[in-house]
Engineer: 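To start, I am sharing the structure in question, which I have written as structure tokens.
The basis for the numbers below is simple: all heavy atoms, side chains too, and nothing from hydrogens, waters or symmetry mates. Because the structure is a prediction, the values reported are computed rather than measured.
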Amino acid sequence: MSEKTASVLPSSVPSPRLKSSPRLWAAKVVLTLCALPVFLHLLSRELDALSPQRDAALLSTIGGLLKSEDFKSQAVEWLSGAVQVPTEVYDAMPDVGQDPRWEVFAPFHDYLNASFPLVYSTLSLTKVNTYGLLYEWTGSDASLKPILLAAHQDVVPVEPKTYADWTHPPFSGYYDGQYIWGRGSSDDKSGLIGIMSAVETMIANGFKPARTVVIAFGFDEEASGRQGAGSLGAAMRETYGEDHPFAFIVDEGGGFSDKYGTVFATPAVAEKGYLDVHVEVTSPGGHSSVPPEHTTIGILAKLLVKYEANPYKLELSRESIPYALVQCHGEHGAEMPKKLKKLIKHSAHSDHALRKLEKVLFEDRPFRALVGTTQAADIIHGGVKSNALPEQAFALVNHRISTQSSVGETMAHDTRLLYSLAKDFNLSYTAFGKAISQEGAPAFGTLTLADAYGTSLEPAPVSPISGAGSEAYQLLSGTIKSTFAAHRSQESGDGIVVAPGMSTGNTDTRYYWKLSKSIFRYNHKGTIGKTDRLSGVHTVNEAMSADAQLEVIRFFVTLILNADEATSI
Ligand SMILES: *[C@@H]1O[C@H](CO)[C@@H](O)[C@H](O)[C@H]1NC(C)=O
Ligand SMILES: *[C@@H]1O[C@H](CO)[C@@H](O)[C@H](O)[C@H]1NC(C)=O
Ligand SMILES: [Zn+2]
């Protein structure tokens, strides 16, 4: 396969940014260019790369280790061994204890214990809901807010029919001299093992934290996270409090890649909301030889056509994260067409330019999906027999809710949308537990809208990326830059621009909102160059390059050291 993570920044990628002056982390007024446009007029430059001062020698020692073949073999072995313990989870599994399929995590725990002896002898470990792992690396200074590093132990199942399509078997952890192959090698065992490898290495080199480091590993992220992160979140609120006790949280998420000729790292600082709407129509049954004009199936079809004819209104808000990202692309995209650059700039203060910009950007479906509330009819069911009128028919419409909207607004929108059809068909209409049609009116049947599985989720609170409260974002940005630079033997962090990202999906952090205001979903890995995509996540031939894994380890070491001595978070 063509998958490859570039370990060297192509020299053709020009450094787009202004030369920045020496870093002054102590100075609190650090401005970042890629922030919310409200602050645009204030911004002059991006945050510089950030490396620890107090523990500079330690980082340098570990940096040396990372370059050794011995350490590389160790890092490969750690990840490869983790891949060899299959930890597949499936949708809708009964609770832990009621389904033997959860038991795959016991051998995985044994593997971690055997592989990271210093972590196990130094950190305290609490098992939450049997398989959730919660470690605490207690710092010497209790006045410092702890940080939380998160990852998930589970992997998406490998479809047995595809076993033969894998270049190397999915649970082989095979190392070909460049890549570690197998399910979970990237998502998310590279992150989980990256954290463990970093901590093990730091302990081995004598580091003792001042700031407490908490590590949480869920075990059903790929199946909603309720059993794992759901329980871990509750346990952490119990232990550390509900008023954002952590300075920041880093969980899996966006990485880095090149866009418009510049490398951008995009830690996700927001997440869309979620709602599955169950749309159900009932009407009298009977023999189909004497049918009414419309059966429940016919009516349901009309309702779905109505949905599709009325997509949610799309609007690019200047306050949104996708807009901040676009601003950042405009500012730093070295090869972005001049016209687009200008349009992006103007859109900050001209509504006309903003509408024009929307036209351009909304041609890209993934971008549209990031901005707006989406809808997709994903399930339909009705009828049992060719000669019987269907008494019931239902569909499921899946929504991913815009960060500018809410669950309530989405429910209200759908309720309104179907109102006229409910009336036309004389259906007694109930939406999300509320009677909508007037009582006593003659009814041919019913229309009911409901939260299908009770799994609705508000859009996540947006982590601050500029101004007061954004210190953790700045620390993360600086860490990304210095890691990226160090791994490529560059002088500075100028090879990469950090921009706020978001994704259309959700991670375990949905259960961690009360734990920190600064939640980042970020894996320090990515691809540079168009033909250089990391692939295989959630499908065949998932693989992780050994060099990329070393960079993940360096990222966590640097992050922990930077956080340990930061006075601003
Ligand atoms: C880790 O392994 C050691 C040695 O087998 C054992 O004594 C210890 O109880 C294990 N710890 C955990 C948390 O399982
Ligand atoms: C709805 O009810 C009205 C009044 O009872 C009736 O005239 C009409 O035919 C009904 N329409 C349907 C589709 O059942
Ligand atoms: Zn994942």
Side-chain angles (χ1 to χ4, degrees), residues 23-30 47-59 62 118-119 122-126 133-151 194-196 198-217 232-233 235-251 267 269 461 463-465 467-480 482-483 509 512-520 522 524 554-569:
R23 185 188 68 90
L24 249 187
W25 181 243
K28 262 200 159 175
V29 197
V30 185
L47 177 69
D48 299 331
L50 179 65
S51 300
Q53 308 291 294
R54 196 177 63 209
D55 289 306
L58 176 63
L59 182 58
I62 293 178
L118 297 176
V119 172
T122 309
L123 279 63
S124 68
L125 169 62
T126 311
L133 294 172
L134 184 60
Y135 305 86
E136 186 186 290
W137 196 7
T138 310
S140 57
D141 186 346
S143 73
L144 299 173
K145 271 188 156 190
I147 63 169
L148 173 59
L149 306 178
I195 293 168
M196 294 298 265
V199 175
E200 182 81 4
T201 306
M202 292 170 84
I203 299 170
N205 284 276
F207 180 70
K208 293 193 172 77
R211 185 188 295 277
T212 294
V213 179
V214 174
I215 299 170
F217 295 152
L232 285 161
M236 286 189 277
R237 291 196 298 275
E238 177 94 353
T239 307
Y240 301 100
E242 303 213 327
D243 189 16
H244 310 100
F246 291 94
F248 62 79
I249 300 172
V250 174
D251 190 15
V269 296
S463 306
I465 55 171
S470 69
E471 293 81 2
Y473 178 73
Q474 318 243 358
L475 185 143
L476 175 72
S477 302
T479 303
I480 291 169
S482 70
T483 306
T509 57
Y512 300 162
W513 293 352
K514 288 186 176 162
L515 296 174
S516 183
K517 286 185 177 166
S518 295
I519 302 181
F520 308 115
Y522 181 72
H524 187 75
R554 176 187 271 274
F555 168 75
F556 283 117
V557 171
T558 311
L559 183 68
I560 292 170
L561 293 178
N562 278 338
D564 201 66
E565 63 186 56
T567 53
S568 60
I569 58 169

Engineer: So, do Thr212 and Leu144 sit near enough that their side-chain heavy atoms are less than 4.5 Å apart?
Structural biologist: no

Engineer: Would you please name every residue forming a ring pair (Phe, Tyr, Trp, His ring centres under 6.0 Å) with Phe555, sequence neighbours left out?
Structural biologist: Tyr522, His524

Engineer: Under a 3.5 Å distance rule, please check whether Ser482 uses its side chain to pair with a backbone N or O of Leu50 as donor and acceptor.
Structural biologist: yes

Engineer: May I ask you to decide if Ala563's main-chain N or O and Glu565's side chain share a donor-acceptor pair within less than 3.5 Å?
Structural biologist: no

Engineer: Are the side chains of Pro267 and Leu476 in touch, meaning some heavy atoms are under 4.5 Å apart?
Structural biologist: yes

Engineer: Leu559 and Leu475: side-chain contact (heavy atoms from CB on, under 4.5 Å), yes or no, with the steps?
Structural biologist: CA-CA 8 Å; Leu559 183 68; Leu475 185 143; 3.9 Å; yes

Engineer: State, with a plain yes or no, whether a side-chain heavy atom of Leu59 is found less than 4.5 Å away from one of Arg554.
Structural biologist: yes

Engineer: Report, one line per pair, each donor and acceptor closer than 3.5 Å where one atom sits in a side chain of residues 236-250; sequence neighbours left out.
Structural biologist:
{"from": "Arg237", "atom 1": "NH1", "to": "Tyr511", "atom 2": "O", "distance (Å)": "3.4"}
{"from": "Thr239", "atom 1": "OG1", "to": "Ala235", "atom 2": "O", "distance (Å)": "3.0"}
{"from": "Tyr240", "atom 1": "OH", "to": "Glu136", "atom 2": "OE1", "distance (Å)": "2.6"}

Engineer: Please determine, by modelled atom types, if Thr509 and Asp251 share a side-chain donor-acceptor pair under 3.5 angstrom.
Structural biologist: no

Engineer: Kindly write out the residues that satisfy salt bridge (charged side-chain N to carboxylate O under 4.0 Å, His left out) with Asp55, not counting sequence neighbours, or none if the list is empty.
Structural biologist: none

Engineer: So, the side chain of Thr558 versus the backbone of Thr479: is there a donor-acceptor pair under 3.5 Å, distance only?
Structural biologist: no

Engineer: Holding to side-chain contact (heavy atoms from CB on, under 4.5 Å), I want the full list of residues that pass it with Ala198, two or more places apart in sequence or in another chain.
Structural biologist: Ile553, Phe556, Val557

Engineer: What's the spacing between Met202 CE and Thr122 OG1 if we round to 0.5 Å?
Structural biologist: 12.0 Å

Engineer: Considering only heavy atoms from C-beta outward, does the side chain of Val119 approach that of Ile215 to under 4.5 Å?
Structural biologist: no

Engineer: With the side chain counted from C-beta on, respond yes when Thr201 and Leu118 share a heavy-atom pair under 4.5 Å apart, and no when they do not.
Structural biologist: no

Engineer: A side-chain contact here means heavy atoms from C-beta on lying under 4.5 Å apart; do Tyr135 and Val199 qualify?
Structural biologist: no

Engineer: Walk me through it: do Ile203 and Leu123 pass the test side-chain contact (heavy atoms from CB on, under 4.5 Å)?
Structural biologist: CA-CA 10 Å; Ile203 299 170; Leu123 279 63; 3.9 Å; yes

Engineer: If only atom types and distance count, is the side chain of Asn205 paired as donor or acceptor with the main-chain N or O of Ile62 below 3.5 Å?
Structural biologist: no

Engineer: Working to the nearest 0.5 Å, report the span between CD1 of Ile569 and CD of Gln474.
Structural biologist: 12.0 Å

Engineer: Checking Ser143 now: which residues fulfil side-chain hydrogen bond (donor to acceptor under 3.5 Å, both in side chains) with it, not counting sequence neighbours?
Structural biologist: Asp141

Engineer: Quick one: does Asp564's side chain have a donor or acceptor within less than 3.5 Å of a partner on Pro209's backbone?
Structural biologist: no

Engineer: CZ of Arg211 to CH2 of Trp137: how many Å apart, nearest 0.5 Å?
Structural biologist: 13.5 Å

Engineer: Using a cut-off of 6.0 Å, state whether more than 12 heavy atoms not belonging to Lys145 lie near its atom NZ.
Structural biologist: yes

Engineer: Sort out for me which residue in Thr126, Val214, Leu134 forms a side-chain contact (heavy atoms from CB on, under 4.5 Å) with Leu232.
Structural biologist: Leu134

Engineer: Can you find a heavy atom in the side chain of Phe520 that is under 4.5 Å from one in the side chain of Ser463?
Structural biologist: yes

